[in-house]
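One structure below.
Here is how names work: the chains are called A, B, and so on, in the same order as the sequence lines, proteins then strands, and each is numbered from 1.
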Number of protein chains: 2
Amino acid sequence: MAEFKNNYKCLECKHCFKKSPLFSLLNKSELDNLNNARTEVNFKKGEIIYKQGTPLTHIVILHTGFGKVYIEGSKGRNLILTYTKKYDLNGGVGVFMDLRHHSSLMAVTDCEACFIEINAFKSVLRSNHDFLDAYMVEFSERVLHTYQQLSILTQKNMEGRMAESILYLNDHAISNGTIKNVSKQDLAELTAMTKESVIRVLKEFKIDGLIEIVEQNINILDKKGLEQVAYYG
Amino acid sequence: MAEFKNNYKCLECKHCFKKSPLFSLLNKSELDNLNNARTEVNFKKGEIIYKQGTPLTHIVILHTGFGKVYIEGSKGRNLILTYTKKYDLNGGVGVFMDLRHHSSLMAVTDCEACFIEINAFKSVLRSNHDFLDAYMVEFSERVLHTYQQLSILTQKNMEGRMAESILYLNDHAISNGTIKNVSKQDLAELTAMTKESVIRVLKEFKIDGLIEIVEQNINILDKKGLEQVAYYG
DNA sequence: GAGGATTTATGATTTTTGTCATTGATATTA
DNA sequence: TAATATCAATGACAAAAATCATAAATCCTC
């Protein structure tokens, strides 16, 4: 990732300005502006960080822990769009549109979050074109992932969807070969099936030696095999 | 919609600069730059205007006719994301990312299209912040629609999905209360079901007096009823 | 560590939706 | 206008996945 152009010392925030690659594109005064528009908030596992439908007043960066971005569909069923990556700038589609949240963000683990006022953020986007470009790349990648999800969830069977999701979680959210902090209900909301079906499919995967489950964590035993299932499913 | 600030006279292109609201935000020299980077191309019904996977070299505006934006999923099955509206700037998610098409655009009717070179387009985006903002609003609205589709297609039954799609097509693509130029196969790719199921669901809707079908066009007879089905489905 | 809540697991059953085979209708074009 | 595609419609059947009921395991809290 990009080297930092400046050694901005963030007084109150331990992490986010020093580590987020995007912020390396900003100059001292831009960083100052964001720093002045910044608040730190801690969240406990399971707490809602922002909620679909509410006004979008801040960009949220999680510098410890991680969260899930989900949409609340009809009849109270949720659909998980993405898990956050470290230092993601979580705003969503409303940033450029109506300044409303069109998805919700929930803390999956305890989280330390950094809230940056949206107006300050947008004014930096406006003043610094490299930063805008970099932000747009991030945003577009997440949109592309949603396109892919749409295709996967509507065209693959349960086994294929589950394999895709396990591979996504492995690449993405959690550590090497072990998926932690993701409940069966979460898997259901990620794969668009019921939790009973999640359990049944995971059982198949265990029997086939693709995964093992140790203390509710999923260990990947046969990544190639999962890729096959994802491909043909 | 926005009034036009300038009466730019486009020599070769009959429509797009004069009618697209977004272009009213540009000054003479910006319009000149786009005009010089512009080509007109005609397409016949069923022809592919751009194809998923190919390099994204131009923004496409359809000033007569309309098209469908779809993703090509696994096993050759397609999924229609949106139908174009007049004067949409069709680029997609690749504009800000990797300059590749991540969806395909096909002419649903005969189309007159205007191709604008992506570099000229991006340089105008960079130079004119109001234009960028307006483009981002358009783009975000389409992304939001994809989010909503994701929720609808994974959580509603066939009847609900079909009702949502009919209402979308009615609001969107085609004329007052009559949906034209959309085949059963297209409906299948819009609702993520098979064409046989499309036919069965439409038959139900006919029996229930929600729609009638005249010469392959769908007439909406009971919009409230369709909204009910969409809501509860 | 006991009790209650939540999550996980499993089997039986029903519903939903897709597949296959066939026929009829509508266009397109030689 | 006949020939040949392509598209629409229908029914029988199969498969996929959800629902329901119930039990077991795990996690919290007192």
Separation of [X] atom [atom1] from [N] atom [atom2], in whole Å?
| X | N | atom1 | atom2 | value |
| --- | --- | --- | --- | --- |
| N181(B) | dA27(C) | CG | P | 13 Å |
| R77(B) | dT17(C) | CZ | P | 13 Å |
| K44(B) | dT28(C) | NZ | P | 13 Å |
| Q185(A) | dT6(C) | CD | C1' | 12 Å |

Original post:
With sequence neighbours left out, which residue pairs that include part of residues 217-233 of chain A fulfil the side-chain hydrogen bond (donor to acceptor under 3.5 Å, both in side chains) condition?
Top reply: T178(A)-N219(A), E212(A)-N219(A)
Original post:
Is there any side-chain hydrogen bond (donor to acceptor under 3.5 Å, both in side chains) pair reaching into residues 143-160 of chain A, and which pairs are they, with sequence neighbours excluded?
Top reply: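 Applying side-chain hydrogen bond (donor to acceptor under 3.5 Å, both in side chains) to every pair that reaches into residues 143-160 of chain A, excluding sequence neighbours, yields K156(A)-E164(A).
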**OP:** Between M158(A) and E215(A), name the one whose nearest nucleotide on DNA chain D is closer to the 5' end.
**Re:**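 Nearer the 5' end of the strand: M158(A).
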Subject >> Where chain A begins and ends its contact with DNA chain D, read 5' to 3' at 4.0 Å from heavy atoms >> reply: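 Contact span on the strand: dA17(D) to dC20(D).
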Original post:
Quick one: ring pair (Phe, Tyr, Trp, His ring centres under 6.0 Å) pairs with a partner in residues 40-59 of chain B, sequence neighbours left out?
Top reply: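 Passing the test, one end in residues 40-59 of chain B: Y50(B)-H101(B), H58(B)-F115(B).
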Original post:
With ring centroids as reference points, do Y135(B) and F121(B) lie under 6.0 angstrom apart?
Top reply: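 Centroid separation for Y135(B) and F121(B): below 6.0 Å.
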Original post:
What is the distance from atom CD1 of I61(A) to atom CD of E40(A), rounded to the nearest 0.5 Å?
Top reply: 10.5 Å
For a quick test of your reading: what N or O donor-acceptor pairs under 3.5 Å do the side chains of residues 203-210 of chain B make, sequence neighbours left out?
none

With sequence neighbours excluded, tell me which residues meet salt bridge (Lys or Arg N to Asp or Glu O under 4.0 Å) with [X].
| X | value |
| --- | --- |
| K51(A) | E72(A) |
| D186(B) | K68(B) |
| E138(B) | R142(B) |

**OP:** Apply side-chain hydrogen bond (donor to acceptor under 3.5 Å, both in side chains) to E189(B) and list each qualifying residue two or more places apart in sequence or on a separate chain.
**Re:** Q185(B)
Original post:
What residues form a side-chain hydrogen bond (donor to acceptor under 3.5 Å, both in side chains) with T194(B), not counting sequence neighbours?
Top reply: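 Applying side-chain hydrogen bond (donor to acceptor under 3.5 Å, both in side chains) to T194(B) gives S197(B).
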Enumerate all atom pairs, one protein N or O and one N or O from nucleotides 9-11 of chain C, separated by less than 3.5 Å.
residue : atom : partner : partner atom : Å
dA9(C)  : OP2  : K184(A) : NZ           : 3.3
dG11(C) : N7   : R200(A) : NH1          : 3.4

Original post:
Hey, what bend do you get for the helix from dG1(C)-dC30(D) to dA30(C)-dT1(D) if you fit axes on five pairs at each end, rounded to 10°?
Top reply: 50°
